[in-house]
Structure formats: structure tokens, C-alpha cells
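Heavy atoms only: backbone and side chains are in, while hydrogens, waters and symmetry mates are out.
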Amino acid sequence: MAGLYGNGIELTEKMMDFLWERQTVGLNNVANVDTPGYKTKYITFEETLRKKLQNASGGSGTKSAVYQAIHSSRARLHIDQAESTRLDGNNVDMDQEQVDLVRTAYEYQFMLNSVNNDLKRLQSAAKAF
């Protein structure tokens, strides 16, 4: 798809995959709010993706290098080992989890709108031919 649509749609698709993973991990944290000893988990991917894209554009800068950087990026799962204020050792902060879930949902919706707009523009351009 990189040749036909460029890397914008590929990047948006990858971001949506990452955001879906983040939402899943957040929902798992909420589901385990009452599990004794459970430690909060979180996903990071923005920094890894940014570094790979910088390396690709700083090196050869070709579309295929950027495409490869996008597809080789992986999300990282982390476990928050912070101290718990609860006696059972669970460190899930429901307020923070809810904020993160809403923020991730908004980011996902933004990405979905972005790819839909890109496809509509391509469809409109194709109709002109």
C-alpha cells in the first residue's frame, strides 16, 4: 500500500493499532482494580516510532525506508512498580486510568477521522479521471 497511498495512511494505521493496544491494557488495569498485588501496566510506542522515523529520514529518506521504519515499530509493555497506597499492594489509580482511557479514545477517533478523510480525498481525485 505504500506505493499507492503513501506513508500517511500506513502511519495512521500503525498508530491506530498502537492505540487499540493501549486501550486494551488500560481496560485490563480497570478490570484488575480489586486484585490484590496487581501492578498497573502501560504501553509506550510514540518515542520508539519517533526515533525510527528520524533514523529513516536521516539516512536514505526513501519511502521504502520510512515504510520499513513504520512497520518495524513495536509497542512496549511496562509494569508500574510504584508504591501502592493500598494495603493489598494494588497500585491501580482509577482516576488516572479513566483519564487515559478517554484520551486514548479521542486519539483513536482522531486517527480514524484522519484516515477516512484521506480515503475520501483519494476517492474524489479518482472520480476526476
Euclidean distance, H78 NE2 relative to T40 OG1, rounded to 0.5 Å | 13.5 Å
Go through the steps to decide whether R22 and F45 satisfy the test side chain to side chain contact (heavy atoms under 4.5 Å, CB included), and finish with yes or no.
-> CA-CA 9 Å; R22 181 187 285 161; F45 57 86; 3.5 Å; yes
Supply the atom-to-atom distance Q23 CD to I43 CD1, rounded to the nearest 0.5 angstrom.
-> 12.0 Å
Shared hydrophobic cluster for I79 and Y42 (ILVMFWY, side-chain gaps under 4.5 Å) = no
Closest non-hydrogen atom pair, I70 against L49 = CA-CD1, 4.2 Å
Donor-acceptor pair, S124 side chain versus K120 backbone, under 3.5 Å?
-> no
Do the rings of W20 and Y108 sit parallel, tilted or perpendicular, given the 30° and 60° boundaries?
-> tilted
Least distance between heavy atoms, E107 atom then L19 atom | OE1-CD2, 3.1 Å
Student check: side-chain heavy atoms of T12 and M15 closer than 4.5 Å | no
How long is the gap from CG on L53 to OG1 on T48, to the nearest 0.5 Å?
-> 11.0 Å
Pairs flagged by salt bridge (charged side-chain N to carboxylate O under 4.0 Å, His left out) wherever residues 74-86 is involved - sequence neighbours left out | R86-D88
Can you tell me if S72 and K52 form a side-chain donor-acceptor pair at under 3.5 Å?
-> yes
Transitive ILVMFWY side-chain link V99 to V92, under 4.5 Å | no
Charged N to carboxylate O below 4.0 Å: is that the case for D17 and K14?
-> no
CG on L101 to CE on M94, rounded to 0.5 Å | 8.0 Å
Donor-acceptor pair between N90 and S84 side chains, under 3.5 angstrom = no
For a quick test of your reading: what N or O donor-acceptor pairs under 3.5 Å do the side chains of residues 29-36 make, sequence neighbours left out?
unit_1	atom_1	unit_2	atom_2	d
N29	OD1	Y38	OH	2.7
N29	OD1	K41	N	3.1
N29	ND2	K41	O	2.7
N29	ND2	E97	OE1	3.4
N29	ND2	E97	OE2	3.4
N32	OD1	T35	OG1	3.1
N32	ND2	N28	O	2.8
N32	ND2	N28	OD1	3.1

Mind checking whether R121 and N117 have side chains closer than 4.5 Å, heavy atoms only?
-> yes
Distance col, row Q123:CD vs L119:CG, nearest 0.5 angstrom, shows 8.5 Å
Cluster partners of Y106, using ILVMFWY side-chain heavy atoms under 4.5 angstrom, listed by chain and number?
-> V102
